[in-house]
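Next up is a structure, given as structure tokens.
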Amino acid sequence: MSKVLSGLRYSAEHEWLDASAPAKVGITQVAADALGDVVYVDLPEVGATITAGESCGEVESTKSVSDLYAPVSGTIVAINQDAVDNPAILNEDPYGAGWLFTVDVSEEGPLLSAQDYASANGGDVE
């Protein structure tokens with residue numbers, strides 16, 4: 001079963017967000033498992049402004065193409081070039097090496113606790 005980390009917060013659209021500043025964002029293991037083998041990632045550019053709840057990129061797998069939704073509003077500080085160059089790390093380590101971008105948060109969107117996310121989507125809270 002997919003794991004859901006207890007130290008993170010989650011969007012209903014399957015992105016996670018840590019508590020650092022700037023905040024690190026990625027997709028959950030639940031999403032990565034549902035997508036299958038990720039083959040392409042399109043991320044916002046450094047310096048771009050994102051808005052909570054709006055699309056800010058795409059994740060393409062062998063099964064489908066899914067929008068990446070911003071869990072918060074703010075300015076992109078960095079992107080994970082390793083994830084762009086090797087999208088398979090989203091499947092291999094979605095909460096570690098597979099992070100997607102960091103953002104200087106100006107406003108949070110609606111976020112879920114690990115327990116609430118796991119209750120809605122399955123997964124074991126660790």
Residues forming a side-chain contact (heavy atoms from CB on, under 4.5 Å) with Ser61, sequence neighbours excluded: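 Residues passing side-chain contact (heavy atoms from CB on, under 4.5 Å) with Ser61: Leu35, Lys63, Ser64.
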Which heavy atom of Leu90 sits nearest to which heavy atom of Pro94, and what is that distance?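 Smallest interatomic distance, heavy atoms only, reads O-CB, 3.2 Å.
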CA sep, side-chain torsions, deciding dist, call: Val30, Tyr10, side-chain contact (heavy atoms from CB on, under 4.5 Å): CA-CA 11 Å; Val30 171; Tyr10 300 86; over 6 Å; no
Heavy-atom donor-acceptor pair, Asp37 side chain to Ala88 backbone, under 3.5 Å: no
Going by the ring-ring contact (aromatic ring centres under 6.0 Å, His included) test, which pairs reach into residues 63-84, not counting sequence neighbours? none
Taking all heavy atoms of Leu17 and all of Pro71, pick out the closest pair and write down the distance.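 Scanning both residues completely, I find the closest heavy atoms to be CD1-CG, 4.4 Å.
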In a table with atom names and distances, give each donor-acceptor pair under 3.5 Å that connects a side chain of residues 18-26 to protein atoms at least two apart or in another chain.
| residue | atom | partner | partner atom | Å |
| --- | --- | --- | --- | --- |
| Asp18 | OD1 | Ser20 | N | 3.1 |
| Asp18 | OD1 | Ser20 | OG | 2.7 |
| Asp18 | OD1 | Lys24 | N | 2.8 |
| Asp18 | OD2 | Ser20 | OG | 3.2 |
| Ser20 | OG | Pro22 | O | 2.8 |

Acceptor/donor pairs from residues 117-126 side chains to any protein atom, 3.5 angstrom cut, sequence neighbours excluded:
| residue | atom | partner | partner atom | Å |
| --- | --- | --- | --- | --- |
| Tyr117 | OH | His14 | ND1 | 2.5 |
| Tyr117 | OH | Thr28 | OG1 | 2.8 |
| Ser119 | OG | Gln115 | O | 2.9 |
| Asn121 | ND2 | Tyr117 | O | 3.1 |

Where is the tightest heavy-atom contact between Gly36 and Asn91, given as atom of each residue plus distance? O-ND2, 2.7 Å
Quick check against the 3.5 Å criterion: does Ser73 have a side-chain atom that pairs as donor or acceptor with the backbone of Ala52? yes
So which atom in Cys56 and which in Pro44 form the shortest heavy-atom distance, rounded to 0.1 Å?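 Closest approach of Cys56 to Pro44: O-CD, 3.1 Å.
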May I have the list of side-chain donor-acceptor pairs in residues 76-85 shorter than 3.5 Å, sequence neighbours left out?
| residue | atom | partner | partner atom | Å |
| --- | --- | --- | --- | --- |
| Asn80 | OD1 | Asp82 | N | 3.0 |
| Asn80 | OD1 | Ala83 | N | 3.4 |
| Asn80 | ND2 | Ala97 | O | 2.8 |
| Asn80 | ND2 | Trp99 | O | 2.7 |
| Gln81 | NE2 | Asp85 | OD1 | 3.0 |

Looking only at atom types and distance, does a side-chain atom of Tyr95 sit under 3.5 Å from a main-chain N or O of Lys3, one as donor and one as acceptor? yes
Go through the structure and list residues passing side-chain contact (heavy atoms from CB on, under 4.5 Å) with Thr49, not counting sequence neighbours. Thr75
